[in-house]
Amino acid sequence: MLHVRLGSVLLTVLLIQSFAKFAHAGRTDWSIEKNASFWREEARLSIDEILKKRDNTRIAKNVIMFLGDGMGVSTVTAGRIRKGQVNGQLGEDLVTEMEQFSHLGLSKTYNIDHQTPDSAATATAYLCGVKAQLGTIGVDGRAKRSDCLSSLGTNVSSILNWAQDLGHKVGIVTTARITHATPSAAYAHIPERNWEGYDTRYFGATQAQQGCVDIAEQLVLHSPPIDVLFGGGRRYFYPNTVRDVENASIFNSRTDQKSLVDDYWKGRFIWNKTEMNKIPFGSPEPILGLFEYDHMQYESDRLAYGNDEPSLTEMTRFALEHLLATNQGFFLLVEGGRIDHGHHETRARYALDEYVQFDDAIGHAKQFLKDRGVLNETLMVVTADHSHVFSFGAYASRGSNILGFGSLEQLNVSDVDRLPINIIAYGNGPNYASARNATYLYSLDTNSTKYLSPTALPMKAETHGGEDVPVYAEGPWSHLFTGTMEQHTIAHKMAYAACWGEYVNRDGCVSNGTQINPSTTTTATRASSSTTSTGTQTNHKITLIQISILFFLLKIIND
């Protein structure tokens with residue numbers, strides 16, 4: 001009897017040690033979790049990971065900022081579950097790519113005049129290092145929204161400028177329009193985010209005469225040119241008398257009849273993935289890739305309908321290949337811009353699938369940098385500009401479809417009308433007071449991209465949330481990104497790590513960004529997992545020795 005108990009204990013321990021290595025990969029069932037030893041071992045591994053970390057104080061030769069537009073904590077959690085479930089797992093226990101970064105903090109997102117922020121003033125904070133008024137881009141707090149004259153003389157430079165000043169390469173990749181709020185804060189200065197192009201509706205003769213220049217024109221006139229620019233928004237670069245290059249049934253937007261690409265852009269222009277893939281990496285001419293008339297397609301639609309449009313991961317991979325080929329160090333901004341748009345429409349499927357693609361892009365980038373041997377000299381920061389009034393709950397059972405209803409148990413059925421309740425809901429938005437009857441509820445396809453989640457308060461479009469957002473960091477000086485921080489400090493911390501901008505002569509730097517007394521202590525890799533770019537485990541297979549021991553113990557027990 002004793003040897004049976006002993007064998008059972010040894011078997012349990014060995015199983016825990018073996019399967020604990022899979023803990024971050026995402027599980028397909030939770031049977032192993034029933035044993036208390038599993039949780040104790042997972043806690044031990046978690047502590048070991050923290051104890052093995054060492055601060056990396058090298059100068060960051062490269063800086064990559066990943067910006068998930070509208071990616072609040074609730075989106076990260078729901079997106080984690082969605083990513084796991086897409087891969088056939090339960091979802092809740094998955095550890096996403098960004099969550100594997102070594103340091104984590106929280107960012108306060110308010111604008112100086114608004115409790116709940118927008119993407120323009122927040123981008124000014126985390127890219128330019130100053131907080132500003134809602135709706136303004138690349139200007140300080142003296143600039144008033146939509147007031148051109150108030151903005152004159154208030155320009156602030158961005159970390160992209162600071163990198164260019166030292167001869168580094170720079171790039172912007174986004175799934176939104178390239179003139180949208182997030183990317184434009186890297187290069188533009190304007191008191192109204194809607195002044196994306198000279199279209200008369202928002203920006204016209206009055207603003208031009210007062211001394212303001214629309215965002216699209218600022219982009220093509222930016223000097224020196226930005227090396228890689230990928231996104232959507234072709235319509236703001238061509239006259240409204242010219243049909244779109246991809247869809248001849250629609251016309252472009254500019255009413256000043258300027259063709260910015262033809263007349264001003266000093267580089268190469270492309271509008272599809274085929275052309276992108278023909279460009280040699282490291283070529284000296286700047287590249288402007290505008291892959292859609294407006295915003296780029298949602299990832300769900302891109303996969304469903306297909307066209308010659310690159311994914312966020314493909315654009316990011318190209319940008320990294322191209323910038324690294326120059327061997328000059330670089331700054332790259334990568335925006336998952338349409339997470340935000342899915343939430344505004346209360347189409348949770350869109351928002352969460354955009355999150356999954358964004359997280360995939362982060363994983364591919366990290367693996368690419370590791371393969372090229374430059375991971376330790378690259379600071380990567382993942383954060384959001386703001387959150388949304390997006391929530392999920394309903395006491396759903398483990399592994400419940402994150403897009404669906406709570407499982408039909410007592411706690412998951414409304415104690416008011418006795419009908420199922422949605423796991424996902426929004427605080428406000430267009431599907432206000434949605435129908436509550438059995439016929440309607442059971443007819444819904446909550447997995448559809450057309451489905452609108454229920455909302456509590458009536459709005460034509462769902463609004464941003466005002467809570468803090470996560471900041472994940474990995475690489476040189478990533479330990480600066482811990483605790484609760486003001487959002488504008490993110491730009492300064494990135495610059496400090498790279499010896500750019502005001503920090504070019506800080507202790508440990510010289511004026512050209514070369515390190516003095518380079519540190520040899522680097523952030524340790526995670527003790528419990530080694531992941532591919534898609535977040536699945538690669539190096540934690542059970543060894544033949546472990547299998548042999550398992551069979552041996554099983555034989556003892558059976559005997």
Side-chain angles (χ1 to χ4, degrees), residues 55-67 103 105 107 122-131 137-140 155-173 182-189 222-229 286 319-320 322-324 326-335 365 369 374-383 471 473-481 485-519 522-523:
D55 293 341
N56 180 346
T57 56
R58 299 166 62 104
I59 288 179
K61 182 177 180 179
N62 314 304
V63 177
I64 308 173
M65 184 173 199
F66 295 95
L67 194 286
H103 292 91
S107 166
T122 51
T124 301
Y126 59 73
L127 289 174
C128 303
V130 300
K131 290 212 172 198
I137 293 172
V139 289
D140 65 29
N155 291 0
V156 290
S157 60
S158 75
I159 190 168
L160 182 144
N161 302 132
W162 308 338
Q164 282 192 312
D165 288 344
L166 294 172
H168 300 298
K169 296 295 183 179
V170 294
I172 301 173
V173 170
T182 297
S184 62
Y187 60 82
H189 312 280
H222 189 274
S223 182
I226 298 170
D227 299 286
V228 179
L229 290 159
L320 289 174
H322 187 73
L323 296 173
L324 270 179
T326 66
N327 197 33
Q328 294 179 240
F330 65 83
F331 171 77
L332 177 64
L333 171 64
V334 177
E335 183 196 19
L369 295 169
V374 296
L375 184 60
N376 259 356
E377 59 188 34
T378 302
L379 172 64
M380 294 183 290
V381 177
V382 181
T383 189
V471 185
E474 176 89 1
W477 294 95
S478 59
H479 52 288
L480 295 177
F481 297 87
M485 67 196 81
E486 292 285 0
Q487 192 171 47
H488 76 286
T489 65
I490 294 173
H492 293 270
K493 291 173 180 178
M494 291 189 294
Y496 184 95
C499 298
W500 296 347
E502 298 178 15
Y503 306 96
V504 68
N505 290 316
R506 70 162 173 84
D507 289 345
C509 303
V510 293
S511 59
N512 65 358
T514 302
Q515 186 171 11
I516 301 174
N517 299 323
S519 169
T522 59
T523 304

Looking at every heavy atom in both Val139 and Val156, which two are closest together, and how far apart are they? N-CG2, 3.8 Å
Scan side-chain atoms only and decide if Lys61 and Asn327 contain a donor-acceptor pair under the 3.5 Å cut-off. yes
Expected output: side-chain His492 to main-chain Gly129 donor-acceptor under 3.5 Å: yes
Between Ala498 and Val63, what is the shortest heavy-atom contact and its length? CB-CG2, 3.9 Å
Can you see which heavy atom on Gly508 is nearest to which on Ile59, and at what distance? O-CD1, 3.6 Å
Roughly how far, to the nearest 0.5 Å, is OG1 of Thr489 from OH of Tyr126? 14.0 Å
Check side chain to side chain contact (heavy atoms under 4.5 Å, CB included) between Lys131 and all other residues, then give those that pass, not counting sequence neighbours. Tyr110, Ile112, Ala125, Glu486, Gln487, His488
Where do Ile137 and Ser184 come nearest, in terms of heavy atoms and distance? CD1-OG, 3.2 Å
Atom pairs and distances, side-chain donor-acceptor, residues 158-165, under 3.5 Å, sequence neighbours left out:
unit_1, atom_1, unit_2, atom_2, d
Ser158, OG, Leu160, N, 3.2
Ser158, OG, Asn161, N, 3.4
Ser158, OG, Asn161, OD1, 3.3
Ser158, OG, Ala186, O, 2.7
Asn161, OD1, Ser158, N, 2.9
Asn161, ND2, His222, NE2, 3.2
Trp162, NE1, Ser157, OG, 2.8
Trp162, NE1, Ser158, O, 3.3
Gln164, NE2, Pro224, O, 3.3
Gln164, NE2, Pro225, O, 3.2

Heavy-atom side-chain contact between Leu369 and Glu377 under 4.5 Å: no
The single option from Phe331, Phe481, Trp477 that satisfies side-chain contact (heavy atoms from CB on, under 4.5 Å) with Leu379 is Phe481
Apply side chain to side chain contact (heavy atoms under 4.5 Å, CB included) to Met65 and Thr383, showing your working. CA-CA 8 Å; Met65 184 173 199; Thr383 189; 3.6 Å; yes
Rounded at 0.5 Å granularity, tell me how far CE in Met494 sits from CG in Leu480. 11.5 Å
Is the backbone N or O of Arg58 less than 3.5 Å from a side-chain atom of Asn56, with the two atoms forming a donor-acceptor pair by type? yes
Between Leu324 and Asn62, does a side chain to side chain contact (heavy atoms under 4.5 Å, CB included) hold up when you go through it step by step? CA-CA 9 Å; Leu324 270 179; Asn62 314 304; 4.3 Å; yes
Can you tell me how far the CG atom of Leu127 sits from the CG atom of Leu333, to the nearest 0.5 Å? 5.5 Å
How many angstroms lie between CH2 in Trp500 and SG in Cys509, if you round to the nearest 0.5 Å? 11.5 Å
One should read off an interatomic distance between Leu67 CG and Ile172 CD1, to the nearest 0.5 angstrom, of 11.5 Å
Does any N or O in the side chain of Asp227 come within less than 3.5 Å of the main-chain N or O of Val170, such that one atom is a donor and the other an acceptor? yes
To the nearest 0.5 Å, tell me how far His189 NE2 sits from Thr124 OG1. 10.0 Å
Under 3.5 Å donor-acceptor, His168 side chain and Gln328 backbone: yes
